[in-house]
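Heads up, the thing below is written out as structure tokens.
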Amino acid sequence: MKLDVDALRYLSKEDFRVLTAVEMGMRNHEIVPAELVERIAGLKHGGTYKVLRNLLKHKLVHHDSSKYDGYRLTYLGYDFLAIKALVNRGVFSSVGRQIGVGKESDIFEVATEDGTILAMKLHRLGRVSFRAVKSKRDYLLHRRSYNWLYLSRLAALKEFAFMKALGEHEFPVPRAVDCNRHCVVMSLVQGYPLVQVKQLQNPDEVFERIIGLIVRLAEHGLIHCDFNEFNIMIDDEEKVTMIDFPQMVSVSHRNAQMYFDRDTDCIFKFFSKRFHLSFHYDKDGCDDSDSDLEEDGRPSFWSIEKSTGFLDKELAASGFTRKDQDEIEKFIEGDVRETVSSDDEDFANENQADNDDANAIVNILPCMQLVEKEASLDRENGDNTDEHPKEPKIAEVIHIGDEINDYDDDCRTGSEDGTPVLTKRLNRQRQRAVAAARGGRKAVVSRNSYKEKGGSKSSHNSKLQRQSCKLYS
Ligand code: ADP
Ligand code: MG
């Protein structure tokens, strides 16, 4: 999905206020009644509707009037909220080219004020649902109220927590820098995904190191679960870095052995095919009963001395709880009876489902407490009135304003407990809004007809668009 951060500099304090109001409303609504958005945003003189029109124009929200007049965030809207929060925290100040397209993520270069380049991963859980990926088809079977915002936020938090904990245990992973909503910022790995590497100086050594990582992870109580040539980066010195952690599970998982064997298998197969490594087991030199290896030299899951709960403390420190783990595991395994319900990549497909789900109460973004802080949003930066430049150049400088204040910090770890008073207040507002909507209130803005333009799915950097915008401040 194209991330046109350029639009960020034209958004005013009010735009962000209303965008945040939609996000907050989505805690309890898949489609947030316009009335509720207005009440949460609290702008004077019906200003919210004007702002909503602007947000629609920039494709930051999606309009749905099938059951009542309502809105929800698009991925782009969610991206903007996360980016804005991270810029305000000083994590980075500009967004550059896209460097990766994963199954369920987009990865961009970002730069800090002092020019350090980092990687920003925007999770897109649910996107896969709308692609012809057979193994994930069952997500669509019971398309109900699992929400991509919630899942993407969970995936990001999990990735951040694991990356941090693994780094602290000296696993070769990117340095975890920060996390907000569905966005993880990490150090940029200098190198290429192994899948793009045609030749290695020392394939045996690299292979040993990679298998060693699977074993060491298991010793720490973990299985990567997606350990393959796409998630292993390798640099010119043949140093290995592993990435992509949202699907990791504990060795105590009921399918642990299967996942472990699958990870091992992927590496064996890849090295055999790409680098023509042959694997044989020297039975003569080894006592079978005592061996850590299977017949063909694969590590045996059961022979590894595993310590479960080893990283629990570190994970908890990042705000990732066992409940979060259970939730995301359910989704990733496709065990859930419900599924992701919306994705702005495919509005054409989802309109019907939205109609079905318009009244579903979904448990998503825990931002209720932010209502209180809303009142303290900073003044809009005066620079925002610049004319829209035709095409952002690499070195072009666009700053994100400071107008969004620290409310975004609350979305970092996403505690689930909205205050009861606010919950009540929002529920009351919701009831009023739904009642008003049912009373025949007309839609203010016509349905957003945005459709995914069918962007490239290329996973090769060469095909990716070059774009760099410094974000205004
Ligand atoms: P997904 O979960 O969608 O598979 P990944 O985390 O595997 O996403 O990232 C997809 C691609 O983005 C990787 O194959 C890699 O090319 C690139 N990438 C991801 N993280 C980094 C990073 N920290 N540094 C450099 N490139 C990265
Ligand atoms: Mg990946």
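Numbers here are sequence positions counted from 1. What you see is a predicted model, and the numbers here were worked out from it, not measured in a lab. Counting starts at 1 for both ligands and their atoms, in listed order.
- Listed by chain and number, Asn231 OD1, Asp244 OD2 are the protein N/O/S atoms closer than 2.8 Å to the Mg ion (ligand 2), with waters left out.
- Taking 4.0 Å as the cut-off, Ser187 counts as a neighbour of ligand 1 on heavy-atom distance.
- Across Leu125, Asp244, Ile107, Val177, heavy-atom proximity to atom 18 (N) of ligand 1 is greatest for Ile107.
- Residues Asp244 and Lys121 are paired through a salt bridge, judged by an N-O separation under 4.0 Å between the basic side chain and the carboxylate.
- Against a heavy-atom cut-off of under 4.0 Å, Phe230 is close to the following atoms of ligand 1: 14 (O).
- Aromatic ring centroids of Phe260 and Phe301 lie under 6.0 Å apart.
- Contact of the Met163 side chain with the Pro174 side chain is registered, since non-hydrogen atoms from C-beta on lie closer than 4.5 Å.
- Less than 4.0 angstrom separates some heavy atom of Gly100 from each of these atoms of ligand 1: 12 (O).
- With sequence neighbours excluded, the residues that form a salt bridge (charged side-chain N to carboxylate O under 4.0 Å, His left out) with Glu168 are Lys164.
- In terms of polar-atom proximity, defined here as any N/O pair under 3.5 Å, Lys121 does make such a contact with ligand 1.
- Atoms of ligand 1 found under 4.0 Å from any heavy atom of Ser105, numbered from 1 in the order shown, are 1 (P), 2 (O), 3 (O), 8 (O).
- The distance between the ring centers of Phe279 and Phe207 falls below 6.0 angstrom.
- Close contacts of ligand 1 with Glu104, meaning ligand atoms under 4.0 Å from a residue heavy atom, involve 3 (O).
- At a cut-off of 3.5 Å, with distance as the only test, no side-chain donor of Asn202 or Asp204 sits close to an acceptor on the other residue.
- The one candidate from Asp235, Thr241, Val173 that meets the side chain to side chain contact (heavy atoms under 4.5 Å, CB included) condition with Val189 is Thr241.
- How far CG of Leu217 is from CD1 of Ile223: 9.0 Å, rounded to the nearest 0.5 Å.
- Remark: His123 engages no residue in a ring-ring contact (aromatic ring centres under 6.0 Å, His included) (not counting sequence neighbours).
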Listed pairs under 3.5 Å, donor-acceptor, residues 266-277 side chains, sequence neighbours left out:
{"unit_1": "Lys269", "atom_1": "NZ", "unit_2": "Asp265", "atom_2": "OD2", "d": "3.2"}
{"unit_1": "Arg274", "atom_1": "NH1", "unit_2": "Val195", "atom_2": "O", "d": "2.9"}
{"unit_1": "Arg274", "atom_1": "NH1", "unit_2": "Val197", "atom_2": "O", "d": "2.7"}
{"unit_1": "Arg274", "atom_1": "NH2", "unit_2": "Val195", "atom_2": "O", "d": "3.3"}

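- Within the listing of ligand 1, atoms 24 (N), 25 (C) sit less than 4.0 angstrom from a heavy atom of Leu188.
- Side-chain atoms of Thr264 and Asp261 include no donor-acceptor pair closer than 3.5 Å.
- Using a non-hydrogen distance threshold of 4.0 Å, Met233 registers as a contact of ligand 1.
- With distances taken over non-hydrogen atoms, the option nearest atom 25 (C) of ligand 1 out of Asp106, Val189, Asp226 is Val189.
- Per-residue contacts place Ile99 under 4.0 angstrom from the following atoms of ligand 1 (heavy atoms of the residue considered): 25 (C), 26 (N).
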